[in-house]
Amino acid sequence: MSEKFPVYKSFDLSKINQDVLEKWEAENTFEESLKSRENNPSFVFFEGPPSANGMPGIHHVMGRTIKDIICRYKTLQGYKVERKAGWDTHGLPVELGVEKKLEITKEDIGKKISVDEYNAACRAEVMKYTKEWTDLTHKMGYWVNTEDPYITYDNKYIETLWYLLKQLFNKDLLYKGYTIQPYSPAAGTGLSTHELNQPGCYKDVKDTTCVAQFSIIKDEKSSFLYNEEDSDLVFIAWTTTPWTLPSNTALAVGPGISYVKVRSFNPYTGKPATYILAKERLSAYFNPKAAELSLADYNKGDKLIPFELVEEFKGKDLAGIKYEQLLPWVKPDGKAFEVITGDFVTTEDGTGIVHIAPTFGADDNRVAKMADIAGLILVDKDGNTQPMVDKTGRFFRLEDLDKEFINKFIDEEKYSEWAGRYVKNAYDSEANDETPTLDVDISVMLKLENKAFKVEKHVHNYPHCWRTDKPILYYPLDSWFIKTTNVKGRMMELNNTINWKPKSTGEGRFGKWLENLVDWNLSRSRYWGTPLPIWASEDRSQLKCIGSVEELMAEINKSVEAGFMTENPYKEFIVGDFSKENYEKIDLHRPYVDNIVLVGENGEKLHRELDLIDVWFDSGAMPYAQAHYPFENREDIESGKKFPADFIAEGVDQTRGWFFTLHALGTMLFDSVAFKNIISNGLVLDAKGNKMSKRLGNGIDPFGALEKFGSDPVRWYMATNSQPWDNLKFDINGVEETRRKFFGTLYNTYSFFALYANIDGFKYAEKDIELNDRPEIDRWILSILNSLVLEVKDSFEAFEPTRAGRAIQNFVSENLSNWYVRLSRKRYWGGEYSTDKISAYQTLYKCLETVSILMSPIAPFYSDMLFRDLNSITNRFDDISVHLAKFPEADSSLIDKELEERMDMAQNISSMVLGLRRKVKLRVRQPLSKIMIPILDDRTEAQIEAVRNIILSEINVKDIEYITDTSGILVKRIKPNFKTLGPKYGKQMKQIAAAINGLEQNAIVEFEKDGKYEISVDGESLSIDLSDVEIISEDIPGWLVANEGRLTVALDININKELKEEGIARELINRIQNTRKEIDFELTDKIHLCIGKHDEINEAVNNFKDYISTQVLAQDLSLADDLNEENAKQIEIDDIVTFIKIEKA
RNA sequence: AGUCCUUUAGCUCAGCUGGUUAGAGCGCUACACUGAUAAUGUAGAGGUCCGCAGUUCGAGUCUGCGAAGGACUACCA
């Protein structure tokens, strides 16, 4: 092993990244970090499964950085932190990818391609980018076990899901219902509410909307509406989906809403009509400017259409009135075309009369059922009842319908023109931008038939399928639900015990979502997913839910006995053998499970419900399924060793996704939270604050960024630039800045240390120098360092890595590099290997060592190299990697707040004096005799006195003089202390402040002497004491003065002969050092020095001969007059020109 | 339409429980330093703290009403 601290020619974090990775691999560092904590308490972490059928993006680096930081920190704290990777493998994205690749549609499955082949294709497709993901994981230093990941399509995984589903089934939390649901014709499946809650699903779309006229039928019920002057009497109702108008079977009004009858004209046909609509909506449809016009003066085409208000009714008076079917294509089977009342009707938009199509709206369906109104139902050729739109999103074609039904209910002439039309062009693969939409065509037809009152484009927010990006339909479907509403209260209670970062996501976004919880729609009518393990008899009187392969085997055997199945397809499977091989003998996917027929209690055949389950169930069940619970690891889950999680983290977009399903299943199955602490991180935006998207091409390639900078700066930038939950505006320049500002500075500090430590052979072999024997500045940085350890620990404990990173960064660049090292430089070079020098080395070493551990969760690569480089020489740690080390304990006895405060003062004073020097153009190399500081109390003087030497050497001044006299030399300034005065005097503050500010010099002096002062405000005399004001000495007339806050400093700028000479000596040293360096002398090379004679410097050289010699390591120094360009180097000091000659001794 | 978040210097962000001169880094300009040197330091310019109203002696900070951007929710005709 080398004897010297390694120093590098260039500082290349990308290279370091690779080198450290190789070390980790060779040394199995990750495994070691677990093994070394084997018997320690565990910190449970759940990894949310990404889907490997898409490339990872820069935002994944963000999320994983946060996870990794916390897990690494907890490891440092001694916890065993197991991290099992996972893959989300089922579901729509995969299927759609396969369909695109094979150029098939859902309809082709089972025809052009077998389900078996199709699933095989899915299985291959889903792991498409596994390599890239693993590569990214590896390169960014995200420690997670990718060797043995959980995979949701795995039979063992599915078996746990079945077990859990059976638990829910037994608890009566699983039911089947026929409801109107979001349905994606493009994807061919219903969607759950949390799928609609994926980001970007709701989009603004411009649709053609239509206000249709429904002609009222005059009968007993409606007669009260009529009087002789009325023309055609119609209801008007608005819809944003005109294609649902043929399915209209009712109109809804608000029972308490006021409606009016208005005589006017149809704007398109000019025909007179009498309209009924909500009173509040009148002005939206009838221009108030036309109110004064007479009906008689109206001509067709007039811009302003006159109208006349006739009567007013309540909504409930209108209930039961009948109207003519708007589009009599299909006759409904049952009561229809009646006005009903609905509490959901508002007058916010539309006409206050709502068009009801029970087959295409959830509300519609509900109120229609209550009022016993039929929906518009067709019967297909298989004899099933259907809504007017088929599953591909078009009006049913006649050939797909039942012949008898057509004869009985359909007006073939009218309907045939529309049959087969897609209700949205998005579903029609042959449609283009020119293709007229069904909405438009229907609206135009209604216009021509005098049935449309207003047709216009309208922008509204409409949900889209999260994968196909096409609009969804609300569509009647038969689905299995989980009764999450049953446990709503408990979920809310448990949620209150979760530590959310940020809090508002938990309380607001998630909490509010729970308040409005609806049942979880579990069904998906697809092929690639976890099959629902429920078998039902034909009449559905018998249901059997299977909870394990063992159980399924037993049931199959019964079925074989009963003769329903010829043989058991899973007969190779050995019950109780949990080996991988055994589970690979079977496949629990479709179509295999579909072929299984079971036996009911009364010997009837049971067939599997064809549905798959929502993939979010897969991921929400991962805490249990990854452990193959309860078949294996039962104890670990139930004892709390592997459940619930102490910590999870994902994007805030998972609030209603993974976070919800985890929480729901935890609550329902174990009456427990699934996670105790959670960070939900925000989005990663581009530098301008726009969302990154493929379309805009503004995405950042994570591989490129990691390759170029190494992952440390990327991770550090992400962690420190903004809080995880705020959106991050990712600016690659920021990464570069982080590299330079933080890592560059840290490396510089290390290499400074290494440079001198190597010269002196420092190996931390000596015992620690006693604190009392260390100089002020060492004690100061140690105090700050220990404060830092506390702060970093608190921040990590609070799941706030941003705070931790910022604190470390500030310490390194401000305290350590800019102040400690800069001021201590001289202690390292030259001179004896004294106690002071050892103290300097030990102190700096300790800082670097501690920082390497503190920063390691965020920047795992460079920190490890720094740690190893340091430790390789000193062997202070047995651990070969920083990631195996223990988090440092803060030593509070080293924290000295007074010391920190006075160092602060030293910095202020120095900076003020340097400012003054600049003002009068006196360079720092020119020594000055003294500064003067007015002192208000003894404590301040003692504080400054303690850092006296630091100040003096920093500003190159010989002495500090304290001025305490009150004789009037000092000009004082007095300021009111609002904090103490405010509460005492309240409203009188303004006048008091004015009075105090107005005090004369002598009054201030008097005040200071007496300790109190009487001022009069509003004729009232008030006594103010010293604590109510702040007095500072602001100026010393005749001196060069600066002040900042309470500190005032004066600088004596008189230069006597000796100072002048010393200044010259310093200038000479500077030139000589520069020259030494120019000619590449080693730091330790001794020299012979010769300086050209010059009247202005001769005396200085002679008087400061020793000083100069020591500084530049000259063995001898002489003045000569035979130096010239030929044999020496010309130098200039202001306007003095002379020569120096340097030779190696 | 509702809920939540954000809004402070050209840019990225601090600013604790209200206290009177609002900070840092980057960038820009100028200067200094020069054995940490492909570093470093110091200073300057640059702010109606999104707007309005209120509470208060005092508001970047608290309250209300708005605005802009973002996320999320909704059965919305």
Side-chain angles (χ1 to χ4, degrees), chain A residues 10-11 180 193 196-197 199 202 209 237-241 244 252 342 344-346 348-357 361-366 460-461 463 474 502 504-505 507-509 511-513 516 518 652-653 655-656 682-683 685 687 689 691 717 720-723 725-729 731 733-734 737 740-741 744-745 747-753 755-756 802 806 809-810 813-814 817-818 821-822 825 828-830 911 914-915 917-919 921 923-925 975-983 985-993 1045 1070 1073-1074 1076-1077 1081-1083 1112:
Chain A
S10 67
F11 182 58
I180 307 292
T193 43
L196 283 191
N197 293 339
Y202 279 84
T209 68
W238 183 49
T239 179
T240 54
T241 50
T244 60
F344 62 93
V345 178
T346 68
E348 274 162 34
D349 49 17
T351 62
I353 300 176
V354 178
H355 142 65
I356 298 291
D363 263 342
D364 303 32
N365 186 36
R366 185 170 55 82
H460 65 147
N461 216 284
Y474 287 95
S504 62
T505 298
E507 281 173 2
R509 187 178 286 193
K512 292 265 158 58
W513 155 261
N516 299 314
V518 294
V652 68
D653 50 342
T655 306
R656 271 90 176 194
L683 278 78
L685 309 170
K691 225 171 150 166
Y717 168 75
T720 58
N721 186 65
S722 60
Q723 296 279 19
W725 41 88
D726 288 335
N727 289 344
L728 171 72
K729 289 180 197 162
D731 188 349
N733 295 322
E737 186 183 323
R740 223 180 43 238
K741 271 309 277 184
T745 305
Y747 173 71
N748 256 325
T749 306
Y750 164 78
S751 66
F752 172 85
F753 164 82
L755 181 67
Y756 292 105
T802 307
R806 283 175 177 171
Q809 171 172 297
N810 183 58
S813 67
E814 292 307 312
S817 168
N818 186 23
V821 173
R822 199 159 54 80
R825 276 186 302 184
Y828 298 89
W829 69 62
S911 132
L914 291 172
R917 295 188 81 118
R918 185 177 20 264
K919 213 179 273 174
K921 297 213 188 310
R923 55 176 58 133
V924 181
R925 273 196 296 269
K975 280 193 337 193
N977 181 354
F978 288 91
K979 220 168 186 168
T980 60
L981 286 168
Y985 298 111
K987 277 204 193 337
Q988 293 169 299
M989 276 302 296
K990 272 204 177 107
Q991 285 149 298
I992 294 172
N1070 165 250
Q1073 300 285 37
N1074 286 350
R1076 280 184 61 122
K1077 203 169 134 201
F1081 278 20
E1082 288 300 314
L1083 267 173
V1112 303

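Owing to the predicted nature of the structure, the values given are computational and were not obtained by experimental measurement. Computed over heavy atoms, backbone and side chain alike; hydrogens, waters and symmetry mates excluded. Every chain is numbered from 1, with letters handed out A, B, ... down the list of sequences.
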Q. With distance as the sole test, does R740(A) use its side chain to make a donor-acceptor pair with the main-chain N or O of T745(A) at under 3.5 Å?
A.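 Not confirmed, R740(A) side chain does not pair with T745(A) backbone.
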Q: Please check if the side chain of N727(A) supplies one atom and the backbone of G682(A) the other of a donor-acceptor pair under 3.5 Å.
A: no
(Q) Protein within reach of the bases, or only the backbone? For nucleotides 23-28 of chain B, mark each nucleotide 5' to 3' as B, S or -, using heavy atoms under 4.0 Å. (A) --SSS-
Q) Within the structure shown, what part of the strands sits under 4.0 Å from N1070(A) by heavy-atom distance: base, sugar-phosphate, or nothing? A)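 Sugar-phosphate contact only.
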Q: Using a heavy-atom cut-off of under 4.0 Å over every strand shown, decide if R806(A) touches base, sugar-phosphate, or nothing.
A: sugar-phosphate
Q.
Looking at A36(B), I'd like to know if its phosphate oxygens (OP1 or OP2) sit under 4.0 Å from a side-chain N or O belonging to Y756(A).
A.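 It does, given that an N or O in the side chain of Y756(A) lies less than 4.0 Å from OP1 or OP2 of A36(B).
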Q.
Would you say R825(A) places a side-chain N or O within less than 4.0 Å of OP1 or OP2 belonging to A36(B)?
A.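 Checking R825(A) against A36(B): at least one side-chain N or O falls below 4.0 Å of OP1 or OP2.
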Can you tell me which nucleotide in [options] comes closest to the side chain of [X]?
{"X": "H355(A)", "options": "A77(B), G35(B), A39(B)", "value": "A77(B)"}
{"X": "T749(A)", "options": "A36(B), A77(B), U12(B)", "value": "A36(B)"}
{"X": "N818(A)", "options": "U40(B), A77(B), G35(B)", "value": "U40(B)"}
{"X": "S722(A)", "options": "C76(B), C13(B), A36(B)", "value": "C13(B)"}

Q) How would RNA chain B look in dot-bracket form, 5' to 3', counting Watson-Crick and G-U wobble pairs with both distances under 3.5 Å and writing | for bases paired to another strand? A) (((((((..((((.....[...)))).(((((.......))))).....(((((..]....))))))))))))....
